[in-house]
> 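Mind having a look at this structure? Questions to follow.
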Amino acid sequence: MTGAPVNDVIDELHRRGLIALSTDEAALRVHLAEGPVTYYAGFDPTAQSLHVGHLVQFMVLRALQRAGHRPVVLVGGATGLIGDPRMTAERQLNDRDVVAGWVQRIREQVAPFLDLPAERDGLPAPVYVNNLEWTQPLSAIDLLRDIGKHFRVGQMLAKEAVSARLNSDAGISYTEFSYQILQANDYRELHARHGVTLQTGGSDQWGNITAGIDLVRRTSGAKTHALSTPLVTKSDGQKFGKSEGGAVWLDPTLTSPYAFFQFWLNADDADARTWLPLYSERSAEEVQALIDESVERPAARAAQRALAEELTLLVHGPEQLRQAEAAGRALFGRDDLASLDAGTLTAALTEAGAVTVDGELPSVAVLLQRSGLAASLSEARRTVKEGGAYLNNERVTDADAVPGDDAWLPGGWMVLRRGKRAVAGVQRGA
RNA sequence: GGCGGGUUGCCCGAGUGGCCAAUGGGAGCGGACUGUAAAUCCGUCGGCUUAGCCUUCGAAGGUUCGAAUCCUUCACCCGCCA
């Protein structure tokens with residue numbers, strides 16, 4: 001090891017558990033030590049927003065940027081039209097204009113992760129690209145002659161996603177089979193255009209990533225590198241990133257900052273401890289101290305709080321974090337609801353989700369249903385019968401009861417709750 | 001092409017004429033215990049104008065006082081033979 005260049009980023013990424021697979025690591029360390037490296041990660045527009053599952057990618061991108069390397073973020077306007085083969089079944093193709101819209105939204109969503117450190121800390125500014133730029137003009141002849149010649153079908157068939165699909169009833173379309181060629185070509189283009197020599201991505205992307213490395217080598221002779229992140233899991237085997245019925249999105253209109261904060265705050269103790277190193281940019285010592293604290297005094301939920309605070313700040317910014325925290329305190333605090341002032345209540349309930357009621361007040365059951373706390377009127381009645389419905393923190397016993405005028409809290413609000421965690425506001429209309 | 005088996009509620013899976021909105025398990029939801037955890041226990045788990053009514057058991061039609069259960073046709077899936 002004597003004389004081997006020390007590289008803190010790789011050490012840091014290992015320490016945080018962010019590296020699942022890597023190409024020749026010794027060579028990569030040397031490469032990173034030689035000077036600023038331009039690296040990239042790609043995001044396909046398969047939905048209108050990114051979700052918490054994408055966050056690990058940004059943690060890697062940020063760590064590398066902090067070490068002085070230059071990030072390139074690719075949004076897959078072209079690959080999003082083709083579809084990366086999933087293990088299970090063929091993807092439904094989305095309309096071109098729909099995908100184009102998603103590209104725009106995701107592009108905006110990505111910005112804060114890397115732009116802020118660039119502006120504030122003088123780190124290398126990110127470059128944003130869309131692979132439609134070079135994939136769109138590519139003719140069938142160009143693709144098949146210049147790029148296709150470098151691909152062996154045998155290797156393409158051997159990729160895990162492809163072989164899984166070939167062996168399934170679903171089979172695989174030529175469209176999705178071709179996906180790896182396009183992603184590989186992205187690496188080639190970015191290597192040529194921006195001097196990119198490192199690609200990072202999820203370990204499920206490893207096959208596509210290595211296809212790119214091979215293509216770059218065959219076409220230019222250059223040696224390039226790759227790192228992949230592990231799949232983030234939950235200790236109970238459930239899928240990571242789901243909460244009350246849906247994905248946890250980064251878009252504040254799809255998942256409110258309050259709900260986002262609560263998602264992390266409600267993590268299992270075991271999960272919070274394993275996730276903290278992945279997502280926290282605190283020092284190794286601080287992270288360890290938080291984990292120790294979590295083991296000694298689990299009820300304080302130090303690890304969960306750290307995750308919720310850091311990530312809400314990162315994704316939604318300081319003002320949204322402050323409001324999400326205040327909302328949680330207001331709604332779950334020991335204080336009497338009536339003692340809260342109108343401003344606090346308004347902020348908290350707006351975060352939690354609210355419905356406005358004009359004119360006659362409907363029954364509690366109807367309010368539960370309209371606020372979305374219950375999916376149907378039947379479910380709302382059932383909830384009341386089970387003792388799980390609360391109005392202003394008091395258990396409701398009659399589903400058909402109509403709240404009296406004295407139920408209005410400061411600011412014209414009522415606090416409706418289902419179970420322990422699901423809260424919604426009812427606001428008096430005009 | 002021939003023969004046989006199958007398609008049930010979010011998922012798995014019982015049910016072969018009335019006692020079936022449909023056994024059981026899982027997921028989900030609520031309660032208790034806790035810490036707005038986990039585990040455990042209890043309850044709940046199609047909809048509605050909720051002691052009643054309406055729509056569900058692959059699709060359509062039929063038999064019957066009455067069908068998830070019987071008959072016919074269609075669609076899809078799975079075995080065995082060719």
Side-chain angles (χ1 to χ4, degrees), chain A residues 88-89 167-171 233-248 255-276 290-309 311-312 323-335 337 340 348-349 351-353 360 362-402 415-425:
Chain A
T88 47
N167 292 323
S168 76
D169 291 335
T233 55
K234 277 178 62 105
S235 56
D236 61 6
Q238 287 179 48
K239 201 169 180 213
F240 168 75
K242 296 277 179 188
S243 134
E244 349 249 299
V248 178
T255 298
S256 73
Y258 164 78
F260 182 86
F261 185 91
Q262 291 290 325
F263 167 75
W264 298 102
L265 191 63
N266 280 311
D268 293 358
D269 293 345
D271 288 338
R273 289 170 204 147
T274 54
W275 295 346
L276 190 63
L290 285 165
I291 292 172
D292 293 343
E293 165 79 7
S294 163
V295 172
E296 283 159 34
R297 293 176 45 233
R301 283 185 291 180
Q304 284 93 331
R305 266 176 217 291
L307 279 168
E309 285 167 16
L311 291 171
T312 306
Q323 286 185 22
E325 276 186 305
R329 267 199 308 276
L331 299 175
F332 294 107
R334 298 279 141 71
D335 301 345
L337 281 173
L340 294 173
L349 293 172
E351 283 291 296
E360 290 280 296
S363 68
V364 173
V366 171
L367 287 172
L368 280 166
Q369 190 253 327
R370 275 207 221 157
S371 67
L373 290 180
S376 66
L377 247 186
S378 293
E379 191 175 288
R381 284 179 207 281
R382 199 179 300 135
T383 301
V384 173
K385 196 163 58 185
E386 292 169 338
Y390 304 82
L391 179 68
N392 294 340
N393 280 351
E394 280 186 35
R395 183 171 282 173
V396 176
T397 50
D398 180 3
D400 295 314
V402 175
V415 178
L416 207 54
R417 180 157 60 87
R418 177 181 179 179
K420 292 195 172 88
R421 280 168 270 178
V423 182

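Note on naming: letters A, B, ... go to the chains in the order of the sequence lines (proteins, then strands), and numbering restarts at 1 for each one.
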> Backbone N or O of A:Glu309 within a donor-acceptor pair of the A:Thr312 side chain at under 3.5 Å?
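Such a contact is absent between A:Thr312 side chain and A:Glu309 backbone.
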> Where the side chain of A:Tyr390 is concerned, which of B:U49, B:G35, B:G31 is the nearest nucleotide?
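The nucleotide sitting nearest to the side chain is B:G31.
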> Within the 4.0 Å heavy-atom criterion, would you say A:Ser378 contacts the bases, only the backbone, or no part of the nucleic acid?
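Here A:Ser378 touches the bases of the nucleic acid.
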> Could you measure between the two C1' atoms, the one in B:G4 and the one in B:G13, and give it in whole Å?
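Their C1' atoms lie roughly 22 Å apart.
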> Please, which pairs that meet side-chain hydrogen bond (donor to acceptor under 3.5 Å, both in side chains) have at least one residue in residues 366-379 of chain A, sequence neighbours excluded?
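Listed once each, the pairs are A:Glu379-A:Arg418.
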> Name all residues meeting the side chain to side chain contact (heavy atoms under 4.5 Å, CB included) criterion together with A:Asp269; count only those two or more places apart in sequence or in a different chain, and write none if there are none.
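Side chain to side chain contact (heavy atoms under 4.5 Å, CB included) check on A:Asp269 returns A:Arg273, A:Pro298, A:Gln304.
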> Could you please name the partner base of B:C3, counting Watson-Crick and G-U wobble pairs only when both distances are under 3.5 Å?
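Answer to the pairing question: B:G79, which forms a Watson-Crick or G-U pair with B:C3.
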> Select base, sugar-phosphate, or nothing to describe what A:Phe263 touches, counting heavy atoms under 4.0 Å on all strands.
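The residue A:Phe263 makes no contact with any strand.
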> What is the pairing partner of B:C65, taking Watson-Crick or G-U wobble pairs with both distances under 3.5 Å in any strand?
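Pairing partner: B:G18.
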> Between A:Ala327 and A:Glu351, what is the shortest heavy-atom contact and its length?
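Shortest heavy-atom contact: CB-CB, 4.1 Å.
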> May I ask you to say what A:Arg417 touches in the nucleic acid, namely base, sugar-phosphate or nothing, with a heavy-atom cut-off under 4.0 Å?
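No contact.
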> Tabulated below should be each protein N or O lying under 3.5 Å from an N or O of nucleotides 40-44 of chain B; please produce it.
unit_1, atom_1, unit_2, atom_2, d
B:G43, N2, A:Glu386, OE2, 3.1
B:U44, O4', A:Glu386, OE2, 3.4
B:U44, O2', A:Glu386, OE2, 2.9

> Aromatic rings A:Trp275 and A:Phe263: how do their planes relate, parallel, tilted or perpendicular, breaks at 30° and 60°?
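Rings of A:Trp275 and A:Phe263: parallel, under 30°.
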> Please measure how far the P atom in B:C78 lies from the corresponding atom in B:C12, and state the result in whole Å.
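The same atom, P, in both gives a distance of 15 Å.
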> Select base, sugar-phosphate, or nothing to describe what A:Ala267 touches, counting heavy atoms under 4.0 Å on all strands.
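If one applies the 4.0 Å heavy-atom cut-off, A:Ala267 turns out to touch the sugar-phosphate alone, with no base involved.
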> Please confirm whether the backbone N or O of A:Ala399 pairs with a side-chain atom of A:Arg381, one donor and one acceptor, at under 3.5 Å?
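No, because the side chain of A:Arg381 does not come within donor-acceptor range (under 3.5 Å) of the backbone of A:Ala399.
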> Starting from the 5' end of RNA chain B, give me the residue, A:Asp268 or A:Ser376, whose nearest nucleotide shows up first.
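So the residue in question is A:Asp268.
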> Going by purine N1 to pyrimidine N3 plus the second Watson-Crick contact, or the G-U wobble pair, all under 3.5 Å, which nucleotide sits opposite B:G43?
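Check on B:G43: paired to B:C29, both distances under 3.5 Å.
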> Does B:U23 have a Watson-Crick or wobble mate here (both distances under 3.5 Å), and if so which one?
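Partner of B:U23: none.
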> By the 4.0 Å heavy-atom rule, please label A:Asp269 as base, sugar-phosphate, or nothing.
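Touches a base.
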> Any side-chain N or O of A:Arg421 below 4.0 angstrom from OP1/OP2 of B:G30?
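No, no such contact exists.
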> More 5' along RNA chain B: A:Gly419 or A:Gln304, using each one's nearest nucleotide?
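The residue mapped nearer the 5' terminus is A:Gly419.
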